[in-house]
There are 2 protein chains.
Amino acid sequence: MNATFGEYIRLLRTKHELTLTKLAAQLDLDSANLSKIENGKRDFDEKRLSKLAKIFKLDLKELRNEYVTDLIGKKIYETNCTKQLLQVAEKKAEYRRTLIEKVI
Amino acid sequence: MNATFGEYIRLLRTKHELTLTKLAAQLDLDSANLSKIENGKRDFDEKRLSKLAKIFKLDLKELRNEYVTDLIGKKIYETNCTKQLLQVAEKKAEYRRTLIEKVI
DNA sequence: ATAAGACTTGTCATTTTTTGACAAAAATAT
DNA sequence: ATATTTTTGTCAAAAAATGACAAGTCTTAT
């Protein structure tokens, strides 16, 4: 999926021919705020992922992957993180994983 | 650098034989909070990067790279983002870069 | 043309999260 | 043992995110 998470939601919504108001209601959200989410002016709150999955009958894990990759992709973008640096970041993530083991 | 940013600061500090109190003062920070930062219980605020660079005579850009990779590494860790998903995230970052071009 | 519905934008109070500051306990060094 | 250093807990203040509403634009049907 080559789109922001907001664009992805809009895609799902329009494909199902739902209005902002209709979908927002199902997500327990204001339609104005859903509009902002779709337009990348607000973030989608992780706590609503399961609702979103149910509404569009999506696999929650896959949806969460979409969400997480968007989150990190956004950070990569915001910080101007190059591919090279991203590899360093990945190493550091691995390192953090080893930290926990040490505590055990 | 295979360490969290907090650990990295601690490394720098001890290498220079500074106490928490001394370094904290130079960073315009409470020593108790610097302790938390070094122990990963708080985040280092980006706005102090330049001070940190000056104190230890580090290249600000390189230091910022350390900081950014820590930031993203932490996110990768927290979200359990696999290498595969990370590639997706990278694609999404690229996509975001193209979005701006479209506006121009 | 205009009325209705759909979407967008701006604002603001509330909530949540982060930060700074201080006190006191724990660990370490002298 | 005392002094110094470091850690931990707490809390108020600052900052950021969120929910809600009002008013705006745009689109479509009549």
Side-chain angles (χ1 to χ4, degrees), chain A residues 3-52 55-56 63-64 67-68 70-79 96 99-100 102-103, chain B residues 3-52 55-56 64 67-68 70-75 77-79 96 99-100 102-103:
Chain A
T4 65
F5 198 74
E7 289 171 339
Y8 177 50
I9 293 178
R10 171 149 297 185
L11 232 59
L12 288 169
R13 179 172 67 79
T14 53
K15 199 173 69 177
H16 288 74
E17 297 186 338
L18 289 174
T19 65
L20 279 173
T21 312
K22 285 268 171 72
L23 178 56
Q26 295 195 68
L27 287 170
D28 188 27
L29 199 71
D30 186 295
S31 67
N33 290 330
L34 180 53
S35 166
K36 286 170 193 161
I37 289 171
E38 289 186 353
N39 291 304
K41 291 169 182 172
R42 281 209 186 189
D43 289 327
F44 186 81
D45 195 330
E46 185 164 10
K47 75 184 177 202
R48 289 195 175 85
L49 276 184
S50 55
K51 280 184 185 175
L52 194 63
I55 294 167
F56 295 119
L63 184 62
R64 189 179 171 282
Y67 183 76
V68 162
D70 180 71
L71 215 69
I72 295 180
K74 190 179 170 191
K75 262 256 179 302
I76 292 170
Y77 166 71
E78 287 170 345
T79 59
R96 279 181 189 263
L99 283 185
I100 306 298
K102 284 176 188 165
V103 179
Chain B
T4 64
F5 198 74
E7 289 170 340
Y8 177 51
I9 294 178
R10 170 149 297 183
L11 234 59
L12 289 168
R13 180 172 67 77
T14 53
K15 199 172 71 178
H16 288 73
E17 297 186 340
L18 290 174
T19 64
L20 280 172
T21 313
K22 285 269 172 72
L23 178 57
Q26 295 194 68
L27 287 169
D28 188 27
L29 199 70
D30 186 295
S31 66
N33 290 330
L34 180 54
S35 167
K36 286 169 193 162
I37 289 170
E38 290 187 351
N39 291 304
K41 292 169 182 171
R42 280 207 188 194
D43 289 327
F44 186 81
D45 193 330
E46 185 165 10
K47 75 184 177 201
R48 289 195 176 84
L49 276 184
S50 56
K51 280 182 185 174
L52 193 63
I55 294 168
F56 295 119
R64 189 178 172 282
Y67 182 76
V68 162
D70 180 71
L71 216 68
I72 296 180
K74 190 178 171 194
K75 262 260 178 299
Y77 167 71
E78 287 170 346
T79 58
R96 279 182 188 264
L99 283 186
I100 306 299
K102 283 177 191 166
V103 179

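Chain naming here is simple, since letters A, B, ... match the order of the sequence lines and numbering starts at 1 in each.
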- Query: Do side-chain atoms of B:Thr79 reach the backbone of B:Lys75 as a donor and acceptor pair under 3.5 angstrom?
  - Reply: yes

Heteroatom pairs (N/O) under 3.5 angstrom, protein to nucleotides 9-15 of chain D:
from, atom 1, to, atom 2, distance (Å)
D:dG9, O6, B:Lys36, NZ, 2.8
D:dT10, O4, B:Lys36, NZ, 3.3

- Message: Distance under 4.0 Å to a non-hydrogen atom of chain A counts as contact; along DNA chain C, which nucleotides mark the start and end?
- Response: C:dA6 to C:dT11

- Pair B:Glu46 + B:Arg64, salt bridge at N-O below 4.0 Å: yes

- Does the side chain of B:Lys41 get closer than 4.0 angstrom to OP1 or OP2 of D:dT6 through an N or O atom? no

- Message: Taking the side chain as everything from C-beta on, heavy atoms only, tell me whether B:Lys51 gets closer than 4.5 Å to B:Gln26.
- Response: no

- B:Asp70 side chain near B:Tyr8 side chain, heavy-atom distance below 4.5 Å: no

- Message: What residues from residues 9-24 of chain B pass a heavy-atom cutoff of under 4.0 Å to DNA chain C?
- Response: none

- Could you pick out which residue, B:Asp30 or B:Asp45, lies toward the 5' side of DNA chain C when each is mapped onto its nearest nucleotide? B:Asp45

- Of B:Thr4, B:Leu29, B:Leu20, which meets side-chain contact (heavy atoms from CB on, under 4.5 Å) against B:Ile37? B:Leu29

Partners of [X] by side-chain contact (heavy atoms from CB on, under 4.5 Å), sequence neighbours excluded?
{"X": "A:Leu23", "answer": "A:Ile9, A:Arg13, A:Leu18, A:Leu27, A:Leu34, A:Ile55, A:Phe56"}
{"X": "B:Thr14", "answer": "B:Arg10"}
{"X": "B:Asp45", "answer": "B:Lys47, B:Arg48"}

- Whole-Å gap separating P (D:dT7) and CD1 (B:Ile37): 12 Å

- Note on the structure: Whole-Å distance, B:Glu38 CD to D:dT7 C1', equals 11 Å

